[in-house]
Amino acid sequence: MRLGLGIDAGGTYTDTVLYDFQRKLVLGKGKALTTKDDYTIGITASLAQIDIDEPETIDLVGLSTTLATNALVEGKGARAGLLLIGYDEELVQRFLEVSPYWIVAGGHDMRGNERAPLDEVEVRRVVEAMVEDVEVIAISEMGGAVNPEHEYRVQALIEKDYGIPAIAGHEISTEMDSMKRATTVFWNARLIPIILDLIEAVKAVLADRKVTAPIMLERSDGTLMGETLARRRPIETLMSGPVASVYGALHLTGCQDALVVDMGGTTTDVGIVTDGQPRLRTSGARIGVYRTTVKTLDLHTTGLGGDSEVSITHDGTLTIGPQRVIPLSYAAKLSPAIAKELETWDHIQNEHIDAALIPPVEFFVPAKKRTESGMPVVAKKAPDIGQREQAAFQALQTSGGASRFQIAKAIGYSYPSLLRMDYLESQGLVYRVGLTPTDILHVLGQLDLWDAIAAQQGAKAFAHRWGRSIEELCQLVLHTMEQRLAKQALNAILAETMSTKARSNGRKTPVGTLWTRQSPSLEDCPTCQYLLYTSLNGSDAQVLQCNMKLRLPIVAVGAPVRAYFPALAKALQTELYIPEHADVANAIGAITGNIALTVEV
């Protein structure tokens, strides 16, 4: 019997699956919230749902994650400094997207000839300044893709004489674009502790379960790499989670041509598969403003997931996302104090004159830091905040979860809306709780994971503030999700099928610019949006009717897809495949990728 253990550490959930390769059979699966304070907690909780009676029969542990992507988006990671060899200061200021950086003379031309000698005295002076401010140094040489001699020398000097980790461009990329190469090696350096923490957490949990199989990590192009390589090149795990979902979906369905949609708690990713192969992006992965050299599948991502925040704008419009919050239904299970407060929510709000300045349903839970022994750490002081917010932080730690109203009451403050909870959240000290599509599915009885009563109470309070019924709220959330998902699917198709001329709508593209996946889209075209709306919501009363037919089947994976995609597939007049284990397709993809050896000449 050949077994594989797949683990996917997502931005919201950690999924695990025990898979029989020979019989192509899922033997067990688990799902738990990702615990960013201590990854072992979420991994352990997920694995606890699987019976592993004979750990020695597990041949492979596959790991995929979105942690690298999230770190780029949120600007998190190690304190890294970028040492540029032979770069032009003016060009760096114009085109480089990362900092801090230092420049020294040297580098090679595109034929591999030395442009200027490397001055080791200058290098030492600069490195001595860098080590005062950074934890790891990233090195990129102009012309290093052709001849990285100066990179080798500087890297050896730093590691020998200064005892600080140094990562060089020749280890990461052969990309000729010097700015993309520098950006990639810089972020690779910043990501090292994040991926190391995850790998060490996985190894610790596996050791407890007596699993000794090697760990392989999913790359952004769908291949697998070993733990040793991942420790030096964590940048290659960018988009690892969504890529694993695509391969898991293909493995579960056997589809050769399809539109694959992965809907998670934080984002939704869409990709097109042709002849059984997902398409590769030729320009390298791009996360926000950061252009990298990382090869990845051509996926289209939007900040829409099961845990996206449902909110009301100033003009009364209902919006979903892109902010993610902890669902009320889960928070109430996590914190009895929140469940109890929800029972008298109307009365609590009526006691405060500034209740209208606060979202209809909003709570906070403290981030639980832990020591190496696993014991909780109670922070004595949160960094760089005022006395009032410090008191609020301590009150929240004591209660385990509360609204602004209860926090303000605990510290004797009369204006809950003025508490700077957003700052505590930005520092990773607290997590925000709110109404989400996941809660709406609990209200409708389409999901039964956590506290449905808390979800009902939260939806009631939200609907009351909005001036609608709970039924209207639930139906509009479902409808809005279906509309957004349809737009994202069609954006992906249009990006693949429209000609460059059609994309530009006849406008000339300025020299030196590239068309990106983010623009144009359906959001830029009111006429397109109207035609899509009439196609999805047509009625005989409309003067103009439009029918849209998708000539690819939809393969949908992720925990909430059964609630949204049947109606979407019907509206787009196409087939829908939701495999039996759609909720853990990413973990299956983590162990069904390909181990590749690539030689670049």
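All residue numbers in this chain count up from 1 along the given sequence.
With rounding to the nearest 0.5 angstrom, the CZ atom of Phe363 is 13.0 Å from the CG atom of Leu334. Between the CE atom in Met263 and the CG atom in Leu304 there is a gap of 5.0 Å [rounded to 0.5 Å]. Atoms OG and CD1, from Ser240 and Ile195 in turn, are 8.0 Å apart once rounded to the nearest 0.5 Å. Between the CD atom of Gln456 and the CG atom of Leu328 there is a distance of 12.0 Å, given to the nearest 0.5 Å. To the nearest 0.5 Å, atoms CD (Gln457) and CG (Leu342) are separated by 5.5 Å.
Looking at Thr237 and Leu67, their side chains never come closer than 4.5 Å, going by heavy atoms from C-beta outward. Within the 4.5 Å cutoff, no side-chain heavy atoms of Pro560 are placed close to those of Thr438. The side-chain heavy atoms of Thr14 and Tyr39, taken from C-beta on, include no pair separated by under 4.5 Å. Annotation: side chain of Phe393 is not in contact with side chain of Pro366 (no heavy-atom distance under 4.5 Å).
Taking Glu362 as the reference, Arg404 meet the side chain to side chain donor-acceptor pair (under 3.5 Å) condition, with sequence neighbours excluded. By the salt bridge (Lys or Arg N to Asp or Glu O under 4.0 Å) test, Glu309 is found to be paired with Arg432, residues two or more places apart in sequence or in another chain being considered. Scanning for side chain to side chain donor-acceptor pair (under 3.5 Å) contacts around Tyr13 gives Asp307, with sequence neighbours left out. Considering only residues two or more places apart in sequence or on other chains, Thr66 meets the side chain to side chain donor-acceptor pair (under 3.5 Å) condition with Asn70. When the salt bridge (Lys or Arg N to Asp or Glu O under 4.0 Å) test is applied to Asp15, the partners found at least two apart in sequence or on another chain are Lys31. Partners of Lys203 under the side chain to side chain contact (heavy atoms under 4.5 Å, CB included) rule, at least two apart in sequence or in another chain, are Ile199, Glu200, Ile215, Glu227, Arg231. Partners of Ala80 under the side chain to side chain contact (heavy atoms under 4.5 Å, CB included) rule, at least two apart in sequence or in another chain, are Val136, Phe186, Ala189, Arg190. By the side chain to side chain donor-acceptor pair (under 3.5 Å) test, Thr65 is found to be paired with no residue, residues two or more places apart in sequence or in another chain being considered.
Closest heavy-atom contact between Leu552 and Ala258: CD2-N, 4.0 Å. Closest approach of Ala556 to Pro579, counting heavy atoms only: O-CD, 3.7 Å.
The side chain to side chain contact (heavy atoms under 4.5 Å, CB included) with Leu18 is formed by just one residue from the set Ile591, Leu27, Thr57; it is Leu27.
Legend: side chain to side chain donor-acceptor pair (under 3.5 Å) pairs involving residues 320-329, not counting sequence neighbours, sorted by first then second residue: Thr12-Arg324, Ser329-Asp439. For residues 16-35, every residue pair satisfying the ring-ring contact (aromatic ring centres under 6.0 Å, His included) rule, not counting sequence neighbours, is listed here: Tyr19-Phe21, Tyr19-His251. For the salt bridge (charged side-chain N to carboxylate O under 4.0 Å, His left out) condition, the pairs that include at least one residue of residues 576-591, sequence neighbours left out, are Lys29-Asp583. The ring-ring contact (aromatic ring centres under 6.0 Å, His included) pairs that include a residue from residues 560-582 number zero, where partners must be two or more places apart or lie in different chains.
The 12-atom threshold is exceeded at CG of Leu229, counting heavy atoms of other residues, nucleotides or ligands nearer than 6.0 Å.
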Could you walk me through whether Arg484 and Ile320 pass side-chain contact (heavy atoms from CB on, under 4.5 Å), step by step? CA-CA 9 Å; Arg484 293 273 303 278; Ile320 303 176; 4.3 Å; yes

With side-chain contact (heavy atoms from CB on, under 4.5 Å) as the criterion, how do Asp262 and Thr267 come out once you've worked through the C-alpha distance, each side chain's angles and the decisive distance to 0.1 Å? CA-CA 8 Å; Asp262 170 29; Thr267 61; over 6 Å; no

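A salt bridge does not link Lys295 to Asp221: none of the charged side-chain nitrogens sits closer than 4.0 Å to a carboxylate oxygen.
Of the N and O atoms on the side chains of Thr319 and Ser311, at least one donor lies less than 3.5 Å from an acceptor on the other residue.
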